[in-house]
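What you are looking at is a predicted structure, and each value in this text was computed from that prediction instead of being measured.
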Amino acid sequence: MPKEYRTIQEVAGPLMLVRGVENVAYDELGEIELASGETRRCKVLEINGSDALVQLFESSTGINLSNSKVRFLGHSMELGVSGDMLGRVFDGMGRPIDDGPQILPEERRDINGLPMNPAARSYPQEFIQTGISAIDGLNTLVRGQKLPIFSASGLPHAQLAAQIARQAKVRGKDEQFAVVFAAMGITFEESNFFVESFKETGAIDRTVLFVNLANDPAVERIATPRVALTAAEYLAFEKDMHVLVILTDITNYADALREVSAARKEVPGRRGYPGYMYTDLASLYERAGRQKGKKGSITMIPILTMPEDDKTHPIPDLTGYITEGQIILSRDLYRRGVTPPIDVLPSLSRLKDKGIGEGKTRADHANTMNQLFSAYARGKEAKELMTILGEAALSDIDLIYAKFADAFEKEYVSQGYQANRDIEETLEIGWKLLSILPRSELKRIDDKYLDMYYGK
């Protein structure tokens, strides 16, 4: 039976000081029992001799110093994992909130996970089809990759996240595929949108949802992605599943990190975020990947809203260093009605070359991808010139490129949130658009592919 302490000295905001404790360790979980019998959870932030500074998960209102007692549980935060988690909805700490039964855990795991030995990683190289042309065709997602989506407030990243979660699949082989969806600091309305969207299409059956709402405590928000990744690691490396982890919104997570750091009176770094935010984010992102000798894999799509649309803000900046590329949503495309408003030119998937080509997608994929990028970039330049100098100043070929850029946004990038295009359809649309340009302009495509597909 854990020892109980009635030595609470002071409570300040989310922090509480307990004196005279023995054998208590950093990050250990504790329970506070109020005079009314109500219990609240806390964890140890700092140990100084026999003084423990603990942080409350819930609010500190109503805690009476003289008749509340604290007991420490002897372990850090754990999640009970089991294959029955699929199809369920949990709160940010892993407690069921869908009126279903408690999970009977097959094992309990520390939510902080263990870092993967770099030498035990396999290289990401298999194509994942999301059904979204701008991603599959141009910024291909590869199994085991970390590919964040950089959004901004008011842009439809929630719809895009739900669409990827519903549609993503590994082609060809009959492999088990699961989605772990963790939402941090979102509104009840958004949470409802995700749950309903997965239920409607039946995608909920292969999804585990962890939902931390905006009114839940900040400390819980810091635990949510770790809880989700613990579930993902179990499904991937024990149950041999291919798991896609979607974390939204990393910005709310980083703000919670800042809030807790400020409460602990730590020295702030850039924009008030703690100096260790880089290492902290890396401890989440680096849990994705493939392991040698294990069939399963974890592919991660973190979603973050860039404050003031600024990619140099610390959150997108540090995320960009740790992950393999980024998909950027554009306010300009959104205003023009392009859905999803993916800005393909500054977006990048650093592993795209590894997941495409013969046997993975199709032999002409790399050539057409390069040609579409180059033609779209030139078309955008032509359109800018047109705005400044007027249409008459453009050459005939520039006018064709400008027309190509418009058609590309309308037909290739814009597909709505319900369309699920397989890679063949995406490549066909690409060829149809390239056929707007004269064949002599398609210098990045091998002649044998031009003979097969151009103008067909």
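Checking side-chain atoms of Asp136 against main-chain N and O of Gly131 turns up a donor-acceptor pair under 3.5 Å. Side chain of Gln415 to backbone of Ala419: a donor-acceptor contact under 3.5 angstrom is found. A donor-acceptor contact shorter than 3.5 Å links the side chain of Arg421 to the backbone of Tyr412. Checking side-chain atoms of Lys295 against main-chain N and O of Glu238 turns up no donor-acceptor pair under 3.5 Å. Remark: side-chain polar atoms of Lys3 are not paired, donor with acceptor, to backbone N or O of Glu22 under 3.5 angstrom. In terms of modelled atom types and a separation under 3.5 Å, the side chain of Thr7 and the main chain of Arg19 share a donor-acceptor contact. Between the Glu58 side chain and the Arg41 main chain, a donor and an acceptor come within less than 3.5 Å of each other. Between the side chain of Ser330 and the main chain of Pro341, no donor-acceptor pair closer than 3.5 Å is present. The backbone N or O of Leu65 lies less than 3.5 Å from no partner atom in the side chain of Ser68, so there is not a single donor-acceptor pair. In this structure, Asp422 contributes its side chain and Glu425 its backbone to a donor-acceptor pair below 3.5 Å.
Of the charged side-chain nitrogens involved, at least one lies within less than 4.0 Å of a carboxylate oxygen, so that Arg258 and Asp255 count as a salt-bridged pair. Remark: Lys239 engages Glu106 in a salt bridge, criterion side-chain N to carboxylate O under 4.0 Å. The existence of a salt bridge linking Asp216 and Arg221 is excluded, since no basic side-chain nitrogen approaches an acidic carboxylate oxygen closer than 4.0 Å. The pair Arg226-Glu233 does not meet the salt-bridge criterion, since no charged nitrogen lies less than 4.0 angstrom from a carboxylate oxygen.
Every residue two or more places apart in sequence or in another chain that forms a side chain to side chain contact (heavy atoms under 4.5 Å, CB included) with Asn420 is listed here: Gln167. Checked against ring-ring contact (aromatic ring centres under 6.0 Å, His included), Tyr278 has no partners two or more places apart in sequence or in another chain. Under the side chain to side chain contact (heavy atoms under 4.5 Å, CB included) criterion, Thr323 pairs with Lys146, Pro148, Tyr285, Thr319, not counting sequence neighbours. Take Tyr376 and apply the ring-ring contact (aromatic ring centres under 6.0 Å, His included) test, not counting sequence neighbours, and it matches Phe408. Under the rule for a side chain to side chain contact (heavy atoms under 4.5 Å, CB included), the partners of Arg121 that lie at least two apart in sequence or sit in another chain are Met116, Glu286. Under the rule for a salt bridge (Lys or Arg N to Asp or Glu O under 4.0 Å), Lys311 has no partner lying at least two apart in sequence or in another chain. The salt bridge (Lys or Arg N to Asp or Glu O under 4.0 Å) search around Lys169 returns none, not counting sequence neighbours. Applying the side chain to side chain contact (heavy atoms under 4.5 Å, CB included) rule to Phe193 yields the partners Ala158, Gln159, Ala162; only residues at least two apart in sequence or on another chain are considered. Taking Phe57 as the reference, nothing meets the ring-ring contact (aromatic ring centres under 6.0 Å, His included) condition, with sequence neighbours excluded. For Tyr334, there are no ring-ring contact (aromatic ring centres under 6.0 Å, His included) partners, not counting sequence neighbours.
Counting heavy atoms from C-beta outward, Leu257 and Tyr273 have side chains that stay 4.5 Å or more apart. Proximity of Leu86 to Ile204: side-chain heavy atoms (C-beta onward) are nowhere separated by under 4.5 Å. In this structure, the side chains of Ile8 and Val70 come closer than 4.5 Å at one or more pairs of heavy atoms.
For the residue pair Leu351 and Val142, the shortest heavy atom distance occurs at O-CG2, 3.3 Å. Here the closest non-hydrogen pair linking Asn252 and Gly185 is ND2-O, 3.0 Å. The two residues Leu284 and Met300 make their nearest non-hydrogen contact at O-CE, 3.5 Å. In terms of heavy atoms, Ile103 sits closest to Ser82 at CG2-CB, 3.8 Å. Minimum interatomic distance between Ile164 and Ile135 (heavy atoms only, all atoms of both residues): CD1-CD1, 4.0 Å. Ala377 and Leu345 get closest at one heavy-atom pair: CA-CD1, 3.9 Å.
Within a 6.0 Å radius of CD in Glu424, other residues, nucleotides and ligands contribute more than 12 heavy atoms. Surrounding OH of Tyr276 are more than 12 heavy atoms belonging to other residues, nucleotides or ligands, all under 6.0 Å away. In the displayed structure, Gln9 atom CD is contacted under 6.0 Å by more than 12 heavy atoms of other residues, nucleotides or ligands. Under a cut-off of 6.0 angstrom, the local environment of CG in Asn117 is crowded, with over 12 non-hydrogen atoms contributed by other residues, nucleotides or ligands.
Summarising the geometry, atom OG1 belonging to Thr207 is positioned 5.5 Å from atom CZ belonging to Phe198; distances are rounded to the nearest 0.5 Å. Going from atom CD1 of Ile303 over to atom CG of Leu155 covers 12.0 Å, rounded to the nearest 0.5 Å. Atoms CG and CG, on Leu17 and Leu53 in that order, are 6.5 Å from each other to the nearest 0.5 Å.
Under the 6.0 Å cut-off for aromatic ring centres, His365 and Phe127 do not qualify, their centroids lying 6.0 Å or more apart.
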Full working for salt bridge (charged side-chain N to carboxylate O under 4.0 Å, His left out) between Arg143 and Glu126
CA-CA 5 Å; Arg143 192 190 286 172; Glu126 291 131 315; 3.2 Å; yes

Pair Thr361-Arg171, side chain to side chain donor-acceptor pair (under 3.5 Å): steps then yes or no
CA-CA 9 Å; Thr361 52; Arg171 288 162 51 96; over 6 Å; no

Please determine whether side chain to side chain donor-acceptor pair (under 3.5 Å) holds for the pair Thr312 and Asp317, giving the CA-CA distance in whole Å, both sets of side-chain angles, and the decisive distance to 0.1 Å.
CA-CA 5 Å; Thr312 66; Asp317 187 33; over 6 Å; no

Verdict with reasoning, Lys360 to Glu358, per salt bridge (charged side-chain N to carboxylate O under 4.0 Å, His left out):
CA-CA 6 Å; Lys360 292 177 180 173; Glu358 190 75 63; over 6 Å; no

Stepwise, does the side chain to side chain donor-acceptor pair (under 3.5 Å) test hold for Glu266 with Ser261?
CA-CA 6 Å; Glu266 292 172 340; Ser261 167; 2.8 Å; yes

With side chain to side chain donor-acceptor pair (under 3.5 Å) as the criterion, how do Thr230 and Arg109 come out once you've worked through the C-alpha distance, each side chain's angles and the decisive distance to 0.1 Å?
CA-CA 7 Å; Thr230 304; Arg109 295 190 162 195; over 6 Å; no

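Among residues at least two apart or in separate chains, there is no salt bridge (Lys or Arg N to Asp or Glu O under 4.0 Å) pair with a member in residues 200-212. Screening residues 78-97 for salt bridge (Lys or Arg N to Asp or Glu O under 4.0 Å) gives Glu78-Arg108, Arg88-Asp98, Asp91-Arg95, Arg95-Glu220 as the qualifying pairs, with residues at least two apart or on separate chains.
Checking Ser347 against Asn139 by side-chain atom types alone, no donor-acceptor pair falls below 3.5 Å.
Ring-plane geometry between Phe194 and Phe181 is classed as tilted, the angle between the planes lying from 30 to 60 degrees on a 0 to 90 degree scale.
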